[in-house]
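Since we're looking at a predicted model, the values are computed, not measured. All values below were derived from every heavy atom in this structure, side-chain atoms included, with hydrogens, water molecules and symmetry-related copies excluded.
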Amino acid sequence: MAAGKKPVRSRGNEAASAVSSTATAPLNAGSRAPAAAVDRTAVVAAAPWIADLPPNDLQDLGQKAQVAMTAQLFDARTNIQLAHQNAPDDLMYAGNYSGKKPEDGDFAAVYGVEEGGKQSLDLERTFKVGHQAFAMVRMPERRH
(Lines give C-alpha, C1' and ligand atoms only; values in the text may rest on other atoms or scores of the structure.)
Protein backbone atom coordinates (compact mmCIF):
# COMPACT_ATOMS: atom_id res chain seq x y z
CA MET A 1 0.00 0.00 0.00
CA ALA A 2 1.31 3.45 -0.85
CA ALA A 3 2.46 5.69 1.98
CA GLY A 4 -0.15 8.19 3.12
CA LYS A 5 -3.11 6.24 1.78
CA LYS A 6 -5.67 4.82 4.19
CA PRO A 7 -7.21 1.41 3.57
CA VAL A 8 -10.74 1.53 2.21
CA ARG A 9 -13.30 -0.43 4.20
CA SER A 10 -16.76 -1.24 3.04
CA ARG A 11 -19.83 -0.73 5.24
CA GLY A 12 -20.36 -4.48 5.39
CA ASN A 13 -16.90 -5.03 6.86
CA GLU A 14 -17.42 -2.26 9.44
CA ALA A 15 -20.73 -3.72 10.56
CA ALA A 16 -19.33 -7.24 10.67
CA SER A 17 -16.31 -6.10 12.67
CA ALA A 18 -18.56 -4.14 15.05
CA VAL A 19 -20.71 -7.19 15.61
CA SER A 20 -17.79 -9.57 16.01
CA SER A 21 -15.92 -7.27 18.39
CA THR A 22 -18.94 -6.88 20.67
CA ALA A 23 -20.05 -10.49 20.36
CA THR A 24 -16.88 -11.77 22.02
CA ALA A 25 -16.29 -8.89 24.45
CA PRO A 26 -16.14 -9.78 28.13
CA LEU A 27 -19.55 -9.66 29.79
CA ASN A 28 -18.36 -7.27 32.46
CA ALA A 29 -15.58 -5.36 30.70
CA GLY A 30 -14.29 -2.53 32.85
CA SER A 31 -15.64 -4.20 35.97
CA ARG A 32 -13.63 -4.45 39.16
CA ALA A 33 -14.85 -8.02 39.57
CA PRO A 34 -12.30 -10.77 40.12
CA ALA A 35 -10.43 -11.91 37.00
CA ALA A 36 -12.26 -15.26 36.92
CA ALA A 37 -15.56 -13.45 36.39
CA VAL A 38 -14.09 -11.08 33.77
CA ASP A 39 -12.68 -13.90 31.62
CA ARG A 40 -16.11 -15.23 30.65
CA THR A 41 -17.18 -14.10 27.18
CA ALA A 42 -20.48 -14.04 25.40
CA VAL A 43 -20.70 -15.87 22.14
CA VAL A 44 -23.57 -14.49 20.14
CA ALA A 45 -24.55 -15.62 16.69
CA ALA A 46 -25.91 -12.54 14.97
CA ALA A 47 -28.75 -12.83 12.53
CA PRO A 48 -27.61 -12.06 8.96
CA TRP A 49 -29.61 -8.83 8.82
CA ILE A 50 -27.82 -7.53 11.93
CA ALA A 51 -24.40 -8.11 10.40
CA ASP A 52 -25.39 -5.92 7.44
CA LEU A 53 -26.46 -2.93 9.57
CA PRO A 54 -24.30 0.20 9.56
CA PRO A 55 -22.57 0.95 12.90
CA ASN A 56 -24.98 3.79 13.77
CA ASP A 57 -27.96 1.49 13.29
CA LEU A 58 -26.26 -1.15 15.45
CA GLN A 59 -25.81 1.43 18.17
CA ASP A 60 -29.47 2.51 17.89
CA LEU A 61 -30.59 -1.13 18.05
CA GLY A 62 -28.45 -1.68 21.13
CA GLN A 63 -29.90 1.39 22.83
CA LYS A 64 -33.47 0.26 22.06
CA ALA A 65 -32.70 -3.18 23.47
CA GLN A 66 -31.28 -1.58 26.63
CA VAL A 67 -34.42 0.56 27.04
CA ALA A 68 -36.64 -2.50 26.60
CA MET A 69 -34.63 -4.51 29.15
CA THR A 70 -34.76 -1.62 31.63
CA ALA A 71 -38.54 -1.36 31.21
CA GLN A 72 -38.90 -5.11 31.83
CA LEU A 73 -36.79 -4.88 34.99
CA PHE A 74 -38.84 -1.91 36.18
CA ASP A 75 -42.08 -3.84 35.62
CA ALA A 76 -40.68 -6.92 37.37
CA ARG A 77 -39.56 -4.88 40.39
CA THR A 78 -42.93 -3.10 40.52
CA ASN A 79 -44.83 -6.42 40.40
CA ILE A 80 -42.66 -7.83 43.20
CA GLN A 81 -43.15 -4.77 45.40
CA LEU A 82 -46.89 -4.67 44.79
CA ALA A 83 -47.22 -8.38 45.55
CA HIS A 84 -45.35 -7.98 48.86
CA GLN A 85 -47.49 -4.96 49.72
CA ASN A 86 -50.97 -6.08 48.59
CA ALA A 87 -51.02 -9.89 48.58
CA PRO A 88 -51.37 -10.44 52.34
CA ASP A 89 -54.61 -8.43 52.65
CA ASP A 90 -56.00 -9.54 49.29
CA LEU A 91 -55.44 -13.18 50.16
CA MET A 92 -56.73 -12.91 53.72
CA TYR A 93 -59.96 -11.07 52.88
CA ALA A 94 -60.71 -12.09 49.29
CA GLY A 95 -58.94 -15.44 49.01
CA ASN A 96 -56.97 -14.49 45.89
CA TYR A 97 -54.43 -11.94 44.75
CA SER A 98 -55.71 -9.70 42.00
CA GLY A 99 -52.27 -8.44 40.90
CA LYS A 100 -49.70 -10.12 38.68
CA LYS A 101 -47.87 -12.76 40.68
CA PRO A 102 -44.13 -12.42 39.98
CA GLU A 103 -42.36 -15.43 38.51
CA ASP A 104 -39.02 -16.87 39.62
CA GLY A 105 -37.36 -15.27 36.59
CA ASP A 106 -38.54 -11.85 37.74
CA PHE A 107 -36.90 -12.34 41.13
CA ALA A 108 -33.67 -13.55 39.52
CA ALA A 109 -33.59 -10.57 37.15
CA VAL A 110 -34.17 -8.05 39.93
CA TYR A 111 -32.19 -9.56 42.82
CA GLY A 112 -29.81 -12.05 41.22
CA VAL A 113 -30.16 -15.82 41.35
CA GLU A 114 -29.34 -16.48 45.01
CA GLU A 115 -31.15 -13.54 46.61
CA GLY A 116 -33.96 -13.85 44.05
CA GLY A 117 -34.55 -17.44 45.16
CA LYS A 118 -34.80 -16.29 48.77
CA GLN A 119 -37.18 -13.47 47.88
CA SER A 120 -39.32 -15.83 45.79
CA LEU A 121 -39.59 -18.30 48.69
CA ASP A 122 -40.50 -15.45 51.02
CA LEU A 123 -43.34 -14.33 48.75
CA GLU A 124 -44.51 -17.92 48.32
CA ARG A 125 -44.72 -18.22 52.12
CA THR A 126 -46.70 -14.97 52.20
CA PHE A 127 -49.16 -16.46 49.71
CA LYS A 128 -49.53 -19.65 51.77
CA VAL A 129 -50.09 -17.72 54.99
CA GLY A 130 -52.61 -15.48 53.23
CA HIS A 131 -54.59 -18.50 52.01
CA GLN A 132 -54.52 -20.02 55.50
CA ALA A 133 -55.70 -16.74 57.03
CA PHE A 134 -58.55 -16.59 54.51
CA ALA A 135 -59.61 -20.12 55.49
CA MET A 136 -59.59 -19.14 59.17
CA VAL A 137 -61.53 -15.92 58.61
CA ARG A 138 -64.24 -17.88 56.79
CA MET A 139 -64.49 -20.55 59.50
CA PRO A 140 -67.84 -20.48 61.24
CA GLU A 141 -67.81 -19.79 64.92
CA ARG A 142 -68.36 -22.87 67.06
CA ARG A 143 -70.52 -22.54 70.11
CA HIS A 144 -70.50 -25.19 72.75
Under 4.5 Å between side-chain heavy atoms, hopping through other hydrophobics if needed: is there a path connecting Val110 to Met69?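 Hydrophobic grouping puts Val110 apart from Met69.
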List in chain and number order the residues that pass side-chain hydrogen bond (donor to acceptor under 3.5 Å, both in side chains) with Lys101, two or more places apart in sequence or in another chain; answer none if no residue qualifies.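 Here the qualifying residues are Glu124.
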If you link I, L, V, M, F, W and Y whenever their side-chain heavy atoms are under 4.5 Å apart, who else ends up in the same group as Leu121?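 None, because no other hydrophobic side chain comes under 4.5 Å of this residue.
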Under the 4.5 Å side-chain heavy-atom rule for ILVMFWY, direct or indirect, which residues accompany Val129?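 Hydrophobic cluster check, Val129: no partners found.
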Please round to the nearest 0.5 Å and tell me the distance separating atom [atom1] of [X] and atom [atom2] of [Y].
| X | Y | atom1 | atom2 | answer |
| --- | --- | --- | --- | --- |
| Phe134 | Leu91 | CZ | CG | 9.5 Å |
| Tyr97 | Leu123 | OH | CG | 8.0 Å |
| Gln85 | Ile80 | CD | CD1 | 13.5 Å |

How far apart are the closest heavy atoms of His131 and Gly95, and which atoms are they?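 Minimum heavy-atom contact is CE1-O, 3.4 Å.
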For Pro102 and Phe107, work out which heavy atoms get closest and say how close.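 Residues Pro102 and Phe107, closest heavy atoms: CB-CE1, 3.7 Å.
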Could you work out, with side chain to side chain contact (heavy atoms under 4.5 Å, CB included) as the rule, every residue matching [X], not counting sequence neighbours?
| X | result |
| --- | --- |
| Asp122 | His84 |
| Ala108 | none |
| Glu115 | Tyr111, Lys118, Gln119 |
| Asp104 | Ser120 |

Pairwise salt bridge (Lys or Arg N to Asp or Glu O under 4.0 Å) hits with a residue in residues 53-64, at least two apart: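 Residue pairs with at least one partner in residues 53-64: there are none.
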Decide if atom NZ of Lys100 counts as having more than 12 heavy atoms of other residues, nucleotides or ligands within a radius under 6.0 Å.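 Enclosed.
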Gln63, CD: over 12 other non-hydrogen atoms inside 6.0 angstrom: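 For Gln63, atom CD is crowded (more than 12 foreign heavy atoms under 6.0 Å).
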Sequence neighbours excluded and cut-off under 3.5 Å, please list the side-chain donor-acceptor pairs for residues 70-79, or say none.
unit_1	atom_1	unit_2	atom_2	d
Thr70	OG1	Gln66	O	2.8
Thr78	OG1	Phe74	O	2.8
Asn79	ND2	Asp75	O	3.3

